[in-house]
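For the single chain, residues carry numbers from 1 onward in sequence order.
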Amino acid sequence: MNRPLSRWTLLSVVTICSFFSLGLNAQQKTIVETAVSAGKFKTLVAAVKAAGLVKTLSGHDKFTVFAPTDEAFAKLDPQVVQTLLKPENKSALTDVLTYHVLAGKISARDAYPLTSAKTVNGQRLKLDLGGKSPRVNESTLVITDIACSNGVIHVIDSVLLPAQSNLVATASGAGNFSTLLAAVDAAGLREVLEGPGPFTVFAPTNEAFAKLPKGTVENLLKPENKKQLIDILKYHVVSGRVYDDTAVQAGRAGTLLGSSIEVGFSAEGLRINESRVVAKNLETSNGLIHVIDQVLLPQKMSRRQVMTTLSGAIDRGVPIFNSGHHGRCCDIYMEAMMKIQKMGVENMDDHSMTRLTRTIEDARQTNSMTDRAWVLRRGMDDLYMRASRMSSSISGR
């Protein structure tokens, strides 16, 4: 049974005629043509032209636009609008405009049960459409479902502004991440986290770092421990914007270190490994921050554990392969290689880990189960020999 339309949705049908005066030809016009014809979106249209988005919003792809009226733009400082319209600020203007746009045509009825929506900008909008005053972030929806040939327009009464500070600037402004930022600088990762991303950072507070054994932070910040510090920080970063609901659904997330973190719920709420999330989904211009109350420490395999894992998988897989069950053998080999990739290996050189990843990728692209088993086996033998040589080299010192 479809959810009934709310009062504001029904009233919008009446309001459209007086607001747009477009008649039955409205649906034949593109989003841009519709906005121009309305006469109420002169600032928005000027901004779309300045950002070079006219062709995009006039094409065949479907979009949903939350369109601020001229009165909505008038609520902003006039200097802000003038600055955004300057050619040198085209990128910032594009970020603001694409924050008003969703991919696809989404009607008011379809949006009604949603609590958020991902914009073309990449950041999410908060939706609260069930009340007497339906809202998108802090803006009120005043008209909905203006049908266009390539999408739909919903009219709002204030301009939506995306997060404009990057991950580092946002953490710095929060005031409770000075230890994390010192670690980022010591590891030489500031430029990465100030870059385009996007990244999701599970950010330990100063109090989280203070829970570590005495002297741990000081030792990690020493130049000779830079590699270990980088590994720990990479273990706190995931590529892309990973919101809490997405992470929970997946159950885990692959970090920049290569190993995964576990995501789940406990009596205390959302947890990442053994750490509790105390604030979630904090938007930044180049990613997302989830605040956690403990530092995440990657637990890597020793080279001896790698050798044991590989030899155990081979011992199980060989008789199964020889009996003709090549697909099952592939599963055993792949499980072992994925386990090593997920956990990482203590002091293993980057080249060896790259070869491991390449073996997994090559195996996935090999259709024949027989050939796939041999791709994995050769990679396993190579990794075993590398781990064995490194163990022998260290023990002989």
Side-chain angles (χ1 to χ4, degrees), residues 5-87 89-90 92-109 111 117 119-121 125 129 133-162:
L5 290 176
S6 57
R7 182 172 178 271
W8 56 269
T9 305
L10 295 172
L11 287 176
S12 69
V13 176
V14 178
T15 313
I16 289 171
C17 296
S18 61
F19 192 86
F20 278 81
S21 301
L22 294 178
L24 296 177
N25 292 326
Q27 294 189 33
Q28 306 305 315
K29 295 183 178 181
T30 67
I31 289 171
V32 174
E33 290 170 340
T34 301
V36 171
S37 298
K40 301 288 186 178
F41 302 102
K42 294 177 182 178
T43 307
L44 176 61
V45 171
V48 167
K49 291 179 178 178
L53 294 176
V54 172
K55 185 176 180 180
T56 300
L57 294 177
S58 300
H60 297 295
D61 292 334
K62 303 292 185 182
F63 294 105
T64 297
V65 177
F66 294 101
T69 61
D70 291 333
E71 290 77 8
F73 275 99
K75 295 178 182 179
L76 296 176
D77 184 336
Q79 185 140 8
V80 171
V81 178
Q82 293 171 11
T83 300
L84 283 172
L85 292 175
K86 292 180 179 179
N89 296 320
K90 183 177 179 179
L93 177 61
T94 300
D95 283 342
V96 172
L97 291 176
T98 54
Y99 189 56
H100 291 75
V101 182
L102 312 180
K105 182 178 180 179
I106 303 175
S107 67
R109 183 187 295 273
T119 68
V120 174
N121 166 286
L125 293 172
L129 308 182
S133 178
R135 304 186 77 79
V136 179
N137 285 1
E138 299 305 315
S139 178
T140 301
L141 271 170
V142 293
I143 300 175
T144 64
D145 294 327
I146 310 301
C148 307
S149 62
N150 63 333
V152 63
I153 292 174
H154 304 301
V155 184
I156 54 178
D157 70 349
S158 60
V159 179
L160 307 171
L161 294 176

Under 3.5 Å, is there a donor-acceptor pair between the side chain of N121 and the main chain of T98? no
Is there a side-chain contact between V152 and S107, using heavy atoms and a 4.5 Å cut-off? no
Nearest-0.5 Å distance that lies between atom CD1 in I153 and atom CG in L57: 9.0 Å
Do V155 and F41 have side chains that approach each other closer than 4.5 Å (heavy atoms only, starting at C-beta)? yes
With the side chain counted from C-beta on, respond yes when H100 and V159 share a heavy-atom pair under 4.5 Å apart, and no when they do not. yes
Can you tell if the side chain of I156 reaches within under 4.5 Å of the side chain of P68, non-hydrogen atoms only? yes
Closest non-hydrogen atom pair, S37 against K29: OG-NZ, 3.0 Å
Strictly distance-based, threshold 3.5 Å: is any side-chain N or O of N150 a donor or acceptor partner for the main-chain N or O of I31? yes
Determine whether more than 12 heavy atoms belonging to other residues, nucleotides or ligands lie under 6.0 Å from atom NZ of K75. yes
Side chains of V101 and L97, heavy atoms from C-beta outward: is any pair under 4.5 Å? no
Would you check if the side chain of K62 reaches a backbone N or O of S149 as a donor-acceptor pair within less than 3.5 Å? yes
Indicate yes or no for a side-chain donor-acceptor contact from T64 to the backbone of I106 under 3.5 Å, with no hydrogens or angles considered. yes
Polar side-chain atom of H154 near backbone of D145 as donor-acceptor pair, under 3.5 Å: yes
Identify the two heavy atoms, one from Q28 and one from E33, that lie closest to each other, and give their separation to 0.1 Å. O-OE1, 4.5 Å
Inter-residue atom distance T43.OG1 - E71.CD, 0.5 Å rounding: 9.0 Å
Residue pair F66 / T119, side-chain heavy-atom distance below 4.5 Å: no
Side chains of V136 and L141, heavy atoms from C-beta outward: is any pair under 4.5 Å? yes
Would you mind reporting whether L161 and Y99 have side-chain heavy atoms less than 4.5 Å apart? no
Could you check whether any side-chain N or O of S139 sits under 3.5 Å from a backbone N or O of S158, counting only pairs where one atom can act as donor and the other as acceptor? yes
Gap separating the CG atom of D77 from the OG1 atom of T83, nearest 0.5 angstrom: 8.0 Å
Of all heavy-atom pairs linking T94 and A51, the shortest is OG1-CB, 3.7 Å
Check step by step if side chain to side chain contact (heavy atoms under 4.5 Å, CB included) holds for D61 and T56. CA-CA 8 Å; D61 292 334; T56 300; over 6 Å; no
Identify the heavy atoms of A47 and L93 that sit nearest to each other, and give their distance. O-CD2, 3.5 Å
Heavy-atom closest contact (P134 atom, L129 atom, distance): CB-CA, 3.9 Å
As an exercise, state the distance from CD of Q82 to CG of L76, rounded to the nearest 0.5 Å. 11.5 Å
